[in-house]
Amino acid sequence: MVTRKEKRNREKEANYFFEFLKIQKHFFKDLMNNLKKVADHRHQSYITYGPEVLLFTMMLKNMTGLKSMRNMSESFNKEECIKNVGKVLGLDSLEELPHYDTINDFLSGLDVNELEKIRTYMIKELLTCQ
(Lines give C-alpha, C1' and ligand atoms only; values in the text may rest on other atoms or scores of the structure.)
Protein backbone atom coordinates (compact mmCIF):
# COMPACT_ATOMS: atom_id res chain seq x y z
CA MET A 1 0.00 0.00 0.00
CA VAL A 2 1.30 3.44 -0.94
CA THR A 3 1.50 5.99 1.84
CA ARG A 4 0.26 9.55 1.38
CA LYS A 5 3.84 10.83 1.52
CA GLU A 6 4.94 8.41 -1.22
CA LYS A 7 1.97 9.46 -3.32
CA ARG A 8 2.91 13.15 -2.94
CA ASN A 9 6.50 12.39 -3.92
CA ARG A 10 5.36 10.50 -7.02
CA GLU A 11 3.12 13.39 -8.03
CA LYS A 12 6.05 15.82 -7.73
CA GLU A 13 8.01 13.70 -10.18
CA ALA A 14 5.15 13.27 -12.65
CA ASN A 15 5.17 15.35 -15.80
CA TYR A 16 1.47 15.51 -16.64
CA PHE A 17 2.00 17.41 -19.87
CA PHE A 18 4.32 14.67 -21.13
CA GLU A 19 1.84 12.00 -19.98
CA PHE A 20 -0.94 13.74 -21.90
CA LEU A 21 1.23 13.85 -25.03
CA LYS A 22 1.92 10.12 -24.78
CA ILE A 23 -1.81 9.43 -24.56
CA GLN A 24 -2.57 11.81 -27.40
CA LYS A 25 0.08 10.27 -29.69
CA HIS A 26 -1.05 6.74 -28.90
CA PHE A 27 -4.81 7.16 -29.17
CA PHE A 28 -5.34 10.33 -31.21
CA LYS A 29 -2.50 10.55 -33.72
CA ASP A 30 -4.37 12.96 -35.98
CA LEU A 31 -5.88 15.20 -33.27
CA MET A 32 -3.72 18.24 -34.02
CA ASN A 33 -4.55 18.07 -37.72
CA ASN A 34 -8.24 17.86 -36.84
CA LEU A 35 -7.89 20.95 -34.65
CA LYS A 36 -6.23 22.79 -37.54
CA LYS A 37 -9.16 21.98 -39.84
CA VAL A 38 -11.76 23.70 -37.65
CA ALA A 39 -13.38 26.55 -39.55
CA ASP A 40 -12.59 30.00 -38.19
CA HIS A 41 -15.44 32.52 -38.42
CA ARG A 42 -13.30 35.52 -37.51
CA HIS A 43 -12.28 38.13 -40.08
CA GLN A 44 -9.10 36.84 -41.71
CA SER A 45 -7.18 40.11 -41.30
CA TYR A 46 -7.47 39.91 -37.49
CA ILE A 47 -6.31 36.34 -37.06
CA THR A 48 -3.06 35.87 -35.15
CA TYR A 49 -3.72 32.38 -33.78
CA GLY A 50 -5.04 29.43 -35.71
CA PRO A 51 -7.89 27.29 -34.40
CA GLU A 52 -5.44 24.62 -33.22
CA VAL A 53 -3.75 27.07 -30.83
CA LEU A 54 -7.05 28.34 -29.47
CA LEU A 55 -8.59 24.89 -29.01
CA PHE A 56 -5.44 23.29 -27.62
CA THR A 57 -5.10 26.11 -25.10
CA MET A 58 -8.67 25.44 -23.98
CA MET A 59 -7.94 21.73 -23.72
CA LEU A 60 -4.96 22.51 -21.49
CA LYS A 61 -7.10 24.78 -19.34
CA ASN A 62 -9.63 22.03 -18.81
CA MET A 63 -7.01 19.33 -18.21
CA THR A 64 -5.23 21.40 -15.59
CA GLY A 65 -8.44 22.16 -13.72
CA LEU A 66 -8.24 25.92 -14.08
CA LYS A 67 -11.62 27.45 -13.34
CA SER A 68 -11.47 30.82 -15.09
CA MET A 69 -10.30 32.10 -18.43
CA ARG A 70 -8.40 34.92 -16.72
CA ASN A 71 -6.55 32.41 -14.55
CA MET A 72 -5.70 30.45 -17.69
CA SER A 73 -4.15 33.48 -19.38
CA GLU A 74 -2.10 34.26 -16.29
CA SER A 75 -1.00 30.67 -15.62
CA PHE A 76 0.02 29.84 -19.20
CA ASN A 77 1.88 33.10 -19.86
CA LYS A 78 5.27 31.49 -19.28
CA GLU A 79 8.08 30.97 -21.79
CA GLU A 80 8.24 27.22 -21.16
CA CYS A 81 4.50 26.80 -21.69
CA ILE A 82 4.52 28.86 -24.89
CA LYS A 83 7.45 26.86 -26.28
CA ASN A 84 5.84 23.52 -25.38
CA VAL A 85 2.52 24.40 -27.00
CA GLY A 86 4.31 25.60 -30.13
CA LYS A 87 6.32 22.39 -30.28
CA VAL A 88 3.29 20.14 -29.77
CA LEU A 89 1.37 21.94 -32.51
CA GLY A 90 4.35 21.88 -34.89
CA LEU A 91 4.54 25.65 -35.17
CA ASP A 92 7.80 27.29 -36.21
CA SER A 93 7.25 30.19 -33.88
CA LEU A 94 4.72 31.03 -31.23
CA GLU A 95 5.37 34.36 -29.54
CA GLU A 96 2.49 34.29 -27.05
CA LEU A 97 -0.50 32.20 -26.17
CA PRO A 98 -3.85 33.79 -26.94
CA HIS A 99 -5.55 36.08 -24.44
CA TYR A 100 -8.82 34.79 -23.04
CA ASP A 101 -10.77 37.50 -24.93
CA THR A 102 -9.40 36.13 -28.21
CA ILE A 103 -10.39 32.60 -27.23
CA ASN A 104 -13.87 33.73 -26.14
CA ASP A 105 -14.35 35.55 -29.45
CA PHE A 106 -13.36 32.43 -31.36
CA LEU A 107 -15.56 30.14 -29.27
CA SER A 108 -18.58 32.43 -29.47
CA GLY A 109 -18.77 32.01 -33.24
CA LEU A 110 -17.65 28.41 -33.41
CA ASP A 111 -20.07 26.04 -35.09
CA VAL A 112 -20.88 23.21 -32.69
CA ASN A 113 -20.65 20.77 -35.61
CA GLU A 114 -16.91 21.49 -35.79
CA LEU A 115 -16.42 20.19 -32.26
CA GLU A 116 -18.79 17.33 -32.97
CA LYS A 117 -16.47 16.19 -35.79
CA ILE A 118 -13.50 16.13 -33.42
CA ARG A 119 -15.46 14.27 -30.76
CA THR A 120 -16.61 11.71 -33.33
CA TYR A 121 -13.01 11.27 -34.51
CA MET A 122 -11.84 10.69 -30.92
CA ILE A 123 -14.59 8.16 -30.19
CA LYS A 124 -13.83 6.23 -33.38
CA GLU A 125 -10.13 6.18 -32.52
CA LEU A 126 -10.87 4.79 -29.07
CA LEU A 127 -13.21 2.15 -30.43
CA THR A 128 -10.74 0.97 -33.07
CA CYS A 129 -7.71 1.21 -30.76
CA GLN A 130 -5.53 -1.85 -30.54
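Everything numeric here is computed off the predicted structure, so don't read it as measured data.
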Tracing side-chain links under 4.5 Å among I, L, V, M, F, W and Y, which residues wind up in one group with Leu127?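 Members alongside Leu127: Ile123.
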Can you list the residues that meet the side chain to side chain contact (heavy atoms under 4.5 Å, CB included) rule with [X], with sequence neighbours excluded?
X: Leu91; value: Glu52, Val53, Leu89, Leu94
X: Phe17; value: Asn15, Leu21, Phe56, Leu60, Asn84, Val88
X: Val2; value: Glu6, Lys7, Arg10
X: Arg4; value: Arg8

Could you state the interatomic distance from [atom1] ([X]) to [atom2] ([Y]), rounded to the nearest 0.5 Å?
X: Ile82; Y: Glu95; atom1: CD1; atom2: CD; answer: 9.0 Å
X: Ile118; Y: Leu55; atom1: CD1; atom2: CG; answer: 5.5 Å
X: Glu125; Y: His26; atom1: CD; atom2: NE2; answer: 10.5 Å
X: His99; Y: Ile103; atom1: NE2; atom2: CD1; answer: 9.5 Å

Same cluster (ILVMFWY, side-chain, under 4.5 Å), Phe20 and Leu126: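 Same cluster: Phe20 reaches Leu126 through Ile, Leu, Val, Met, Phe, Trp or Tyr contacts under 4.5 Å.
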When clusters are formed by joining ILVMFWY residues with side-chain heavy atoms under 4.5 Å apart, either directly or through shared neighbours, do Ile23 and Met32 land in the same one?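 Same hydrophobic cluster.
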Does [X] have any side-chain hydrogen bond (donor to acceptor under 3.5 Å, both in side chains) partners at least two apart in sequence or in another chain, and if so, which?
X: Asn77; value: none
X: Glu116; value: Arg119
X: Asn33; value: Asp30
X: Asp101; value: none

Under the salt bridge (charged side-chain N to carboxylate O under 4.0 Å, His left out) test, residues paired with Glu79 that sit two or more places apart: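 Glu79: no salt bridge (charged side-chain N to carboxylate O under 4.0 Å, His left out) contacts found.
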With sequence neighbours excluded, tell me which residues meet salt bridge (charged side-chain N to carboxylate O under 4.0 Å, His left out) with Lys25.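 Once residues adjacent in sequence are excluded, Lys25 has no partner under the salt bridge (charged side-chain N to carboxylate O under 4.0 Å, His left out) criterion.
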Applying the side-chain contact (heavy atoms from CB on, under 4.5 Å) criterion to Leu54, which one of Leu107, Thr102, Ile47, Asn104 satisfies it?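 The residue from Leu107, Thr102, Ile47, Asn104 that satisfies side-chain contact (heavy atoms from CB on, under 4.5 Å) with Leu54 turns out to be Thr102.
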Between Lys83 and Glu80, does any side-chain N to carboxylate O distance fall below 4.0 Å?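 Looking at Lys83 and Glu80, the cut-off is not met.
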Side chain to side chain, [X] and [Y], heavy atoms closer than 4.5 Å:
X: Lys37; Y: Glu114; value: no
X: Leu35; Y: Pro51; value: no
X: Phe27; Y: Met122; value: no
X: Lys117; Y: Tyr121; value: no
X: Leu97; Y: Val85; value: yes

Atom NZ of residue position Lys29 - does it have more than 12 heavy atoms of other residues, nucleotides or ligands inside 6.0 Å?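 Atom NZ in Lys29 is packed in, count exceeds 12.
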Counting only heavy atoms from other residues, nucleotides and ligands, does the tally under 6.0 Å from OH of Tyr16 exceed 12?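 Yes, enclosed.
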Heavy-atom pair of closest approach, residues Arg42 and Tyr49: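 So the two residues come closest at NH2-O, 2.8 Å.
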Where at least one partner belongs to residues 66-76, residue pairs that pass side chain to side chain donor-acceptor pair (under 3.5 Å), sequence neighbours excluded: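 Sorted pair list: Arg70-Tyr100, Asn71-Ser75.
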Looking only at atom types and distance, does a side-chain atom of Thr128 sit under 3.5 Å from a main-chain N or O of Lys124, one as donor and one as acceptor?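 Such a contact is found between Thr128 side chain and Lys124 backbone.
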